[in-house]
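Both backbone and side-chain heavy atoms feed into the values below; hydrogens, waters and symmetry mates do not.
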Amino acid sequence: MPTDKFVRLIAALLLWSACSASTLAAQKVTITGAWRCPQTAEYPYHFEFVTETIISPNGTYSSLARSPAGATRAAGHWRMADGNTILFTVEDWDPKEVYISGQGYQSRPKPPDHLDKIVALSATSITTHNAVWGNVTCTRIRV
């Protein structure tokens with residue numbers, strides 16, 4: 001039989017976890033605006049790049065990733081899948097072709113749509129998490 005102290009501890013932990021998983025709306029953080037997200041990739045070699053994403057109130061977004069090797073762009077629609085998860089649906093992207101040494105130009109397929117879990121750190125800083133990049137901290141550059 002659990003003791004009264006044990007039951008109170010479990011209740012306190014459940015309450016803490018419910019509070020810490022609050023939605024962006026409850027935290028009074030809006031996701032719309034322009035965000036700058038520095039990232040590092042390790043495949044096929046180590047390189048750093050910066051993604052700037054504009055999330056518009058009308059449900060559209062545009063994202064530009066720049067590295068010393070070049071840039072890629074994706075655009076489409078976004079929607080909140082739940083209080084802390086945003087779904088990006090890719091509808092347009094560039095480049096559509098890439099040059100592969102010895103093979104010439106090859107079609108670049110549509111980047112996959114993706115879900116990002118979002119944790120607000122402040123009104124101007126969020127951490128996103130997705131299956132490809134893991135945790136990435138982004139800073140608001142424009143409202």
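Residues T51 and Q39 meet the side-chain proximity criterion, which asks for heavy atoms closer than 4.5 Å. Here the side chains of S101 and Q103 are not in contact, with every heavy-atom distance at 4.5 Å or above. Two residues are said to be in side-chain contact when any heavy atoms from C-beta on lie closer than 4.5 Å; T85 and M80 fail this criterion. Contact check for V119 versus N84: no side-chain heavy atoms found under the 4.5 Å cut-off. At least one side-chain heavy atom of D92 sits less than 4.5 Å from a side-chain heavy atom of R73. The closest side-chain heavy-atom distance from S56 to T32 is not below 4.5 Å. Side chains of I86 and L115 form no contact here, defined as non-hydrogen atoms less than 4.5 Å apart. W78 places a side-chain heavy atom less than 4.5 Å from the side chain of I55.
Pairing each heavy atom of A71 with each of P95, the nearest pair is O-CD, 3.8 Å. Taking both residues in full, the closest heavy atoms of V90 and P112 are given as CG2-O, 3.7 Å, listed atom of the first, atom of the second, then distance.
Between I118 atom CD1 and N130 atom CG the span is 10.5 Å, to the nearest 0.5 Å. Atom CD of residue E91 and atom OH of residue Y61 lie 7.5 Å apart, to the nearest 0.5 angstrom. Rounding to the nearest 0.5 angstrom, the gap separating the CD1 atom in I141 from the CD atom in E52 is 4.0 Å.
R140 contributes no side-chain N or O that, together with a main-chain N or O of S125, makes up a donor-acceptor pair within less than 3.5 Å. Counting only distance, with no hydrogens or angles, the side chain of S122 and the backbone of T124 share a donor-acceptor pair below 3.5 Å. A donor-acceptor pair under 3.5 Å is formed between the side chain of R108 and the backbone N or O of D94.
No side-chain donor-acceptor contact under 3.5 Å links E48 and S67.
Hydrophobic clustering of Ile, Leu, Val, Met, Phe, Trp and Tyr side chains at less than 4.5 Å, counting indirect connections, unites W93 with F88.
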Apply side chain to side chain contact (heavy atoms under 4.5 Å, CB included) to residues R36 and V50 and explain how you reach the verdict. CA-CA 7 Å; R36 184 177 193 277; V50 173; 3.7 Å; yes

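Partner of W35 under the side chain to side chain contact (heavy atoms under 4.5 Å, CB included) criterion, chosen from T139, I126, V136, T128: I126.
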